[in-house]
Amino acid sequence: MAHWLMKSEPSSWSWTQMVEAGKKGTHWNGVRNHQAKQNLMAMKVGEQAFFYHSNEDRAVIGIVEIIKPYYPDPSDATGKFGMVDVRAVKPLKKPVTLVEVKAEPKLANMALVKLSRLSVQPVTEAEWALICRMGGV
DNA sequence: GCCAACGTTGGC
DNA sequence: GCCAACGTTGGC
């Protein structure tokens, strides 16, 4: 089962809002990047993703689950891009910051570090397990 | 708030 | 089809 990492600026959509959305979850819309789109399309229901706060926090803060696979994003006038639905699973006991990720040699090749502008990224099993451990999950 | 990285757009 | 200009993202 694949794992993912999805980034959001807390000012536009925060973990708190994600939790408040509850079990019905929310649409992960607004993706306008082809690489991110490819990743969205590869997601399957039941797969989990890290929820990362960019800008202010710069930390992995929680885990979300895919509850609806890729479908067209009505807010995209061009019709090229789509979205998935996700819901909050659980927060990390201790958020794993970008600084900590960068300080860990095993995570040096993460897309989060290498492709900092990509908003939806794949995470390897080793990276997933390590960040879960660092986050106290 | 600045700037580097990167994607997209548009003129040629 | 190339490439300069521009806009956006996100770390610092």
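Proteins get letters first, then strands, A, B, ... in listed order; numbering begins at 1 in each.
Side-chain contact, A/Glu9 with A/Ser12: no donor N or O sits under 3.5 Å from an acceptor N or O.
DNA chain C is contacted by no residue of residues 26-34 of chain A, taking any non-hydrogen atom closer than 4.0 Å.
Linking Ile, Leu, Val, Met, Phe, Trp and Tyr whenever their side-chain heavy atoms come within less than 4.5 Å leaves A/Ile66 and A/Ile63 in two separate clusters.
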Below 3.5 Å, can you tabulate the donor-acceptor pairs from side chains in residues 126-137 of chain A to any protein atom, sequence neighbours excluded?
residue  : atom : partner  : partner atom : Å
A/Glu127 : OE1  : A/Thr124 : N            : 3.0
A/Glu127 : OE1  : A/Thr124 : OG1          : 3.3

Contacts under 3.5 angstrom, residues 102-117 of chain A side chains, donor-acceptor by atom type, not counting sequence neighbours:
residue  : atom : partner  : partner atom : Å
A/Glu104 : OE2  : A/Lys106 : N            : 3.0

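Sequence neighbours left out, the pairs with a member in residues 32-48 of chain A that pass salt bridge (Lys or Arg N to Asp or Glu O under 4.0 Å) are A/Arg32-A/Asp73, A/Arg32-A/Asp76.
Taking A/Phe81 as the reference, A/His34 meet the ring pair (Phe, Tyr, Trp, His ring centres under 6.0 Å) condition, with sequence neighbours excluded. Checked against salt bridge (Lys or Arg N to Asp or Glu O under 4.0 Å), A/Arg87 has the following partners two or more places apart in sequence or in another chain: A/Glu65. With sequence neighbours left out, the side chain to side chain donor-acceptor pair (under 3.5 Å) criterion links A/Lys80 to no other residue. With sequence neighbours excluded, no residue forms a ring pair (Phe, Tyr, Trp, His ring centres under 6.0 Å) with A/Trp4. For A/His27, there are no ring pair (Phe, Tyr, Trp, His ring centres under 6.0 Å) partners at least two apart in sequence or on another chain.
For the atom pair A/Met6 CE and A/Met18 CE, the distance stands at 8.5 Å (nearest 0.5 Å).
Using five terminal pairs a side, the axes of the helix from B/dG1-C/dC12 to B/dC12-C/dG1 at its two ends make an angle of 10°, given in steps of 10 degrees.
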Could you run down the sub-3.5 Å N/O contacts of the protein with nucleotides 1-3 of chain C?
none

### Message
One character per nucleotide, please: for nucleotides 5-12 of chain C, 5' to 3', B when the base has a protein heavy atom closer than 4.0 Å, S when only the sugar-phosphate does, - otherwise.
### Response
---BBBBS
### Task
Could you go through the side-chain hydrogen bond (donor to acceptor under 3.5 Å, both in side chains) check for A/Asp57 and A/Tyr52 one step at a time?
CA-CA 9 Å; A/Asp57 282 0; A/Tyr52 175 84; over 6 Å; no
